[in-house]
Each structure stands twice: as structure tokens, then as C-alpha cells.
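See below for the structure under consideration.
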Amino acid sequence: MTHRVRFAPSPTGFLHVGSARTALFNWLFARSTGGTYVLRVEDTDAERNRPELTESLLAELEWLGLDWDEGPLYQSERRDRHREVVEDLLGRGLAYLCDADNAEVEGSSITDGMAVRFRMPPGRTVEFEDIVRGGVSFSTDDLEDFVIWRSNGSPMFLLANAVDDADMGITHAIRGEDLLSGVPKVLLMLDAIGAPHPTYAHLPLLVNEQRKKLSKRRDDVSIADYRERGYLAEAMVNYLALLGWGPPDDVEVRPLSEIVDVFRIEDVNKAAAFFDLKKLEHINATYLRALPRAEFIERVGPWMGEAAPWPTERFDRGVFETMADLIQEKLRTFSDTPRFVDFLFLDDPVDDPDSWHKAMVKGKFAAEILDGTAAAFADCTWDAEVLKDTVMHVGEAVGLKLGKAQAPLRVAVTGRTVGPPLFETMAECMDRAEVLRRIARARARL
RNA sequence: GCCCCCAUCGUCCAGCGGCCUAGGACGCCGGCCUUUCACGCCGGUAACACGGGUUCGAAUCCCGUUGGGGGUACCA
């Protein structure tokens, strides 16, 4: 039998990194076993459901490259079926009507204003084998009767989820560990409707530094935010795959297409995983550096436009393309890019106080360096090598090595102590007059 | 409170009874390279929570303790 899995997000918020990881593992399982990956939107709670969020949810999944084989299916469209199951349970006495005070009310059919509860059979042990957890068991004596149909006439998550999985032939339920304790209730309902049990695989939770489940209140969990902050989808999914799972050959940074070949759901471990931004950044930088030049220029585009710190009309694509080669390897995210080139598209370099202090105040011989380079740049050949030699000589005159000597010049021209290779940038992207103007400007401020 | 789950370097992952004086990655700390930063290279730091068993032998199996987490809604 071919495996069928589903990712069943609820459109009550933007796609969360934990949900994305669940989607990814379902996708990996399906792709690596030749199974089918279904997308189902669990929108049974109309009051909390926001239609526009569904659109965003799908967009982020697409951005991540997690394409689905069937769907999106909407749980809200299956209400009649859910109702039919509840009526059946009610008719057979396996569930009962209850009023607002949770008191049982006589009746064998859904009634307006009444909720329906599933009757928990006493004294039974519900056991199941979880692919990652192993054997898990619950006693029904620890469980309470639970609502399966709201008094407002809509199905509850557990009921809809169980019925839909059964109807859709879902063979494996791969999801977060926070759903583990709901399993016995679902199993009992499946038994009640004569449906087979799916195989479960509960993934370890993603946690923050306090070791608590990632929450959208406290933590940075929005996939859209990461996208906007310049993370690459391929880096994000690669990193997410490493939380709760590890490649058998220790090769961590590799494309999804390769991960599919080595992924096995049985290898997923049980302990919660900390979402480590530092490691994500490392992986992101690795992917960023590996981008072909043209693709880098194309994909960084959104950060070079409206949102950039310079007047859009001042942006010079040709200049930027020249700079691309000089800065690509220095970036961690796309959003790092503007600060490496902003001085080229602004009238004056940005004023970074720390940089100024370091190079012009704390650093020695700033005046000598600026005066010396200004004089020498006035008529030297405008070539990176020549500029470099010039600065080297000016520095030697006061006993500074090139590393120290270039600092005042760098800050005068770019505004910062950190930036692209200075001589190449000046020679290839700036003209003599502008560089001299900036040196003079800085000299005047000393 | 009750139920369930978890427990190897700071972090992620490896280890699934002997190959472990515990391996890789991120981070961190040194060094090299160097026009800043970054990259790259070299080296270093650092862990089997604790206590009992089982076994010739345990990070690996069992029990307990402690610690952590999740669940316990007419949310999903």
C-alpha cells in the first residue's frame, strides 16, 4: 500500500517554523517513500479562522518548495460528513448531548444549542506504536468525555481530524509531539466508526532558549518574517530538516533533493530541539555564497529597491552588478546587502559613529593618511593596484601597515570600518573627484 | 494536581552492548591568510543528569530519582 500523509495547518496565524518543520517532514516522508502528500486546511473554527491567512499559508509553503500532491482540501467543506458521523455516534449511544453546564441531556440527534460529547469507555487501556516514540499507552480512566460537536453547530478539531484522516485514507500521521496526548481519543473514535488506525510519528518539539515550545508571542517564528529578513528558502528547509533528524553521513548542508534520498522517518529522534538562529545564519550564508552571480543579483533585487536606504533613482544597476562579486561572500542574508553598497548610492557616506571613532579618533595618523592619500590620488592612475600601493606608501611614511592605513580612508569614503574591498570599489565604481571630495569632507571633520 | 513524553559537548546531530581515551556540525577561544569584514586553513574548549540493577562488558538494556517539556478548552 502506498503511503498517504497530510499536513493539516489551521489558518489562525502565519506559517510558523514549527508547522513548516512538520510540513517538511511529511513532505520528506512522502517524497522518500513514493507516497502521497496531501494538504488539508483545518478551518473548522469559523470564529478564529481568517481566510486571508490561508492564502499566506499556501504562499509560504510554496516559497519553501514543499509542493503537495492533493489539495488544498478545506475541512469546513466537509461539515455534512462530520455531522453525519456525530449523528451516528449519538444514535448508537457512544456520544451524548450536553448543555451549557456540561450536563448530559436526553436525546439521540444533534440539537440546536447543544454540544455533543464522546463517551469515554471506562477501564480501558489504549495503546499504540509511535514510529519515533515507541510504545505509548493511556488509560481511559485518565481521560474525560470530550466535545466533538459545538453547540454552535460545528465539529471540533479531534472529530473532524479523525474523520478526515479516515476518509482520505491517511496511513501515517506525522506531526508535533504536542498532539500526542490527543491520540487515544482519536483512536477510540476511529474504533467507533470502524476505521483503521493510522501509524503515528510524533516529532520532537522545536523550543526556544528557555526550552519551551516555540510560541508566536515570544519567539521569532514566522516563516514570512525570515523570508523578508533575507533568508533563502533552500537554507531554511535545509536547517529545518536538521532539527530532530541528522544525515547518516554527517553531510549537513545539502539540497532537499539530496535529503530526500537519505531521509528516514525512523531516524527522527525524540528530544526537543532548540531553534538556533546562529546555525541557520551559517547555513544561509553558505547557500548565499554558492549562488551563481546572476542569480544572486536577481534574488537580492527586493532588498535593493523601495526598502533600501537610498533614493531609488540613485540606484545604479551596473554599479551594483560590479559590486556583487566583491560582496557576495561577505553576506549572511540578503538583507545584509544594502549596508555594503549604500555609500555608492547616497550623496555622502553614512555616518557610523563607532566607525568614525575607531578609525579617526582612536586610530593614529588619520590626518596624515587623509592628507597623504588626497595628494597622491589627485593624479595617480585610477587602478585598484595603484591605489593600494599608494595607500601602502602613505602608511609606511608614518609606520602603519596597510591594514591600519586604509581604515581612515575607508571610513572617509564608505562611512564604515567594515565593507567591500576598498581599492577595487573605488577603482571600479567611483570616480576620482568623488573620492577626493569625500576625503576632504572627512578631513574637515577631524 | 492528574496523564503522557523526553534526558550525549553551550546548541543541533552521531552512537542503537565491546570498534568510545564518545565522533561531526554551529558557536566560542587561539593561530595562519589578509586592504576592513568575511571566506578558507590549522589547532583548542566542551557532554554520556544521578542512583541502583542486568551483563564478562553499558552512553547504549531495565527500575528508580531528579530535571525539563507537552497535554489536560464548546482552540487547533
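What you see below is based on every heavy atom in this structure, not just the backbone, and it leaves out hydrogens, waters and symmetry mates. The sequence lines fix the lettering, A, B, ..., with proteins before strands; numbering per chain opens at 1.
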For nucleotides 35-37 of chain B, tabulate all protein N/O to nucleotide N/O atom pairs closer than 3.5 Å, reporting atom names and distance.
from, atom 1, to, atom 2, distance (Å)
B:rU35, OP1, A:K388, NZ, 3.3
B:rU35, O2', A:Q406, OE1, 3.1
B:rU35, O2, A:L422, N, 3.2
B:rU35, N3, A:E424, OE1, 3.2
B:rU35, O4, A:E424, OE1, 2.5
B:rU35, O4, A:E424, OE2, 2.1
B:rU36, O4', A:Q406, NE2, 3.0
B:rU36, O2', A:T417, O, 2.7
B:rU36, N1, A:R410, NH2, 3.2
B:rU36, O2, A:T417, O, 3.4
B:rU36, O2, A:G419, N, 2.7
B:rU36, O2, A:G419, O, 3.1
B:rU36, N3, A:R410, NH2, 3.4
B:rU36, N3, A:G419, O, 2.6
B:rU36, O4, A:K330, NZ, 3.1
B:rU36, O4, A:P421, N, 3.3
B:rC37, O2, A:K330, NZ, 3.0
B:rC37, N3, A:K330, NZ, 2.3
B:rC37, N4, A:K330, NZ, 3.4

* Asked: Would A:W303 and A:F334 count as a close aromatic pair, with their ring centres under 6.0 Å?
  -> yes

Could you tell me how far [M] sits from [N] if I compare only their [atom1] atoms? Round to whole Å.
| N | M | atom1 | answer |
| --- | --- | --- | --- |
| B:rG10 | B:rA49 | P | 12 Å |
| B:rC62 | B:rG68 | C1' | 22 Å |
| B:rG64 | B:rC5 | P | 12 Å |
| B:rA22 | B:rU36 | C1' | 41 Å |

Are the charged groups of [X] and [Y] less than 4.0 angstrom apart, N to O?
| X | Y | result |
| --- | --- | --- |
| A:R40 | A:E42 | yes |
| A:D348 | A:R438 | no |
| A:R445 | A:D351 | yes |

Can you check the [X] [atom1] to [N] [atom2] distance for me, whole Å?
| X | N | atom1 | atom2 | value |
| --- | --- | --- | --- | --- |
| A:L159 | B:rC74 | CG | C1' | 12 Å |
| A:L179 | B:rG69 | CG | P | 19 Å |
| A:F296 | B:rA38 | CZ | C1' | 13 Å |
| A:L206 | B:rG70 | CG | P | 13 Å |

* Please work out which of the three classes, parallel, tilted or perpendicular, describes the rings of A:F320 and A:F296, given edges at 30° and 60°. => tilted

* **Those residues of residues 108-119 of chain A lying under 4.0 Å from RNA chain B by at least one heavy atom** => A:A115, A:R117

* Report yes if at least one side-chain N or O of A:K213 is closer than 4.0 Å to OP1 or OP2 of B:rG71; otherwise report no. => yes

* When you check the phosphate oxygens OP1 and OP2 of B:rA76, does a side-chain N or O of A:R40 lie under 4.0 Å from one of them? -> no

* Structure fact -> Pairing partner of B:rA49, by Watson-Crick or G-U wobble and under 3.5 Å for both distances, is B:rU65

* Structure fact -> Per-nt protein contacts along nucleotides 4-11 of chain B (heavy atom under 4.0 Å; B base, S backbone sugar-phosphate only, - none) come out as SSSS---S

* Asked: Out of B:rG40, B:rC75, B:rG71, which nucleotide sits closest to the side chain of A:R289?
  -> B:rG40

